[in-house]
Amino acid sequence: MGQYDLCSPKTVRELLERYSLSPKKGYGQNFLINRDIPRRIAASAADGSDVGYVSEDLPPERIKGAVALEIGPGVGAMTCELSERFEKVIAVEIDRGLIPLLGDTLSGLENVVLINEDFLKLDLSALIERESKGMRVVVCANLPYYVTTPVLMKILEEYPPSAPSAIDSVTVMVQSEVADRICAESSDCAAYGALSVSVALHGDAEKLFNVSPGNFYPAPKVSSSVVRIKFHSHGIYDVYPDAPKDDAECGIFAERVKHIVRTSFLMRRKTLPNALASEFSKDKTSLALGELGIRDDVRGEKLSAVDFCRLTALLYKEP
Ligand code: SAM
């Protein structure tokens with residue numbers, strides 16, 4: 001581990017002061033100040049499931065052939081934990097002011113590569129190709145709340161739907177309400193929506209554990225939860241085996257599914273034939289739903305990811 005106790009609120013305050021910094025609300029800077037939390041998140045990301053409380057007395061083993069990609073290292077609390085568990089850590093931080101501080105707190109961690117960029121703007125697959133050299137990539141982060149959904153969508157959609165993603169899984173802390181939306185499976189759950197379907201098209205999501213505001217400096221107004229998304233090993237075919245076999249056609253199909261999902265949830269209170277009426281005649285949608293054995297007064301929120309794939313295939317079928 002590094003030379004600082006990066007989860008001590010006193011140390012975090014002193015470090016920020018030394019580098020003439022203060023937590024930036026605009027970058028969603030809420031730093032973890034309970035070491036149990038980054039340790040548990042990093043250990044869960046490495047293990048593939050929630051490992052519960054991790055004793056400090058158990059020195060972790062580094063996983064060979066696995067890279068952790070961290071978005072927003074902050075002062076480096078989780079980065080240190082990841083560095084102990086993964087062969088390599090790529091940490092992407094947007095805040096230029098934090099870079100010299102991180103140079104200090106992460107000094108001596110030879111397996112950490114620090115990149116000063118906006119994660120949303122970088123070429124993710126080029127970065128992964130350059131830095132991971134074919135190793136398994138696991139995303140792990142305490143995500144800034146203001147960009148949670150765009151960050152997740154960028155990660156999910158970086159690789160073509162017809163192929164397995166170079167990213168194996170994503171273990172991230174997000175606002176609890178967003179965690180519910182990410183993990184909602186059942187259409188009977190109020191949190192179920194476009195985000196739940198998008199996630200389900202790419203992988204299997206589960207909520208691991210909750211984290212209360214008192215574990216952060218400064219404390220956010222909302223509660224947080226850690227979620228894990230394990231990517232499907234055969235892309236969209238794991239959800240819908242009948243997706244087009246040709247790569248380009250599969251890409252077009254996936255775009256169409258996304259479009260239908262977005263449109264259906266945009267008008268969530270309307271029945272599907274009405275919600276999609278600007279693009280497909282109500283008769284066409286009703287007929288397609290009938291073929292799927294679904295009542296035509298159904299709303300989008302009742303359809304699963306595979307239902308959306310089947311419906312898309314029928315709606316775009318050549319006559
Ligand atoms: N990982 C640290 C921890 O757990 O204590 C800090 C987490 S803090 C919630 C979010 C971090 O993400 C901050 O360091 C912030 O500067 C950084 N960040 C915000 N937007 C970003 C972006 N678009 N790209 C990369 N980093 C970003």
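No hydrogens, no waters, no symmetry mates; every other heavy atom, side chains included, goes into these values. Read the numbers this way: they start at 1 and go in the same order the structure lists the ligands and their atoms.
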*Does any donor atom in the side chain of N30 or Y145 lie under 3.5 Å from an acceptor atom in the other side chain?*
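No, no side-chain donor-acceptor contact under 3.5 Å.
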*Can N111 and S83 be counted as having a side-chain donor-acceptor contact under 3.5 angstrom?*
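Indeed, the side chains of N111 and S83 share at least one donor-acceptor pair under 3.5 Å.
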Just which atoms of ligand 1 are under 4.0 Å from any heavy atom in [X]?
X	result
N30	7 (C), 8 (S), 9 (C)
Q29	13 (C), 15 (C), 16 (O)
E70	1 (N)

Looking at ligand 1, would [X] count as a contact under a 4.0 Å heavy-atom criterion?
X	answer
E117	yes
Y145	no
K24	no
P38	no
A77	no

Carboxylate-amine/guanidinium contact [X] [Y], below 4.0 Å:
X	Y	value
R62	E110	yes
R181	E177	yes
E81	R85	yes

*Taking the hydrophobic residues Ile, Leu, Val, Met, Phe, Trp and Tyr, and joining any pair whose side-chain heavy atoms are under 4.5 Å apart, which ones share a cluster with Y53?*
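Same cluster as Y53: nobody, lone residue.
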Given [options], which has its nearest heavy atom closest to [atom]?
atom	options	value
atom 17 (C) of ligand 1	M78, E93, M173, K154	E93
atom 9 (C) of ligand 1	P73, G28, P144	G28
atom 3 (C) of ligand 1	N142, V92, I94, V147	N142
atom 23 (N) of ligand 1	I33, D118, L122	D118
atom 20 (N) of ligand 1	F119, Y27, Y146	Y146

*When you measure from atom 1 (N) of ligand 1 to every protein heavy atom, which one gives the shortest distance, and what is it?*
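Among all protein heavy atoms, the one nearest atom 1 (N) of ligand 1 is G72 O, 2.8 Å.
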_So, using ring pair (Phe, Tyr, Trp, His ring centres under 6.0 Å) as the criterion, who are the partners of Y316 when residues are at least two apart?_
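Result, ring pair (Phe, Tyr, Trp, His ring centres under 6.0 Å) vs Y316: F280.
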*Report yes if the side chains of D307 and L292 come closer than 4.5 Å at any heavy-atom pair, otherwise no.*
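No, side chains not in contact.
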*Is there a side-chain contact between K284 and K317, using heavy atoms and a 4.5 Å cut-off?*
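In short, these two side chains do not touch, never coming nearer than 4.5 Å.
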*Check whether any N or O atom of I71, backbone or side chain, sits under 3.5 Å from an N or O atom of ligand 1, and answer yes or no.*
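N/O-N/O distance below 3.5 Å does not exist for this pair.
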*Geometric N/O contact L32 with ligand 1, under 3.5 angstrom*: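 Indeed, backbone or side chain, L32 has an N or O that close.
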*Just wondering, are more than 12 heavy atoms of other shown residues or ligands nearer than 6.0 Å to CD in E129?*
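No.
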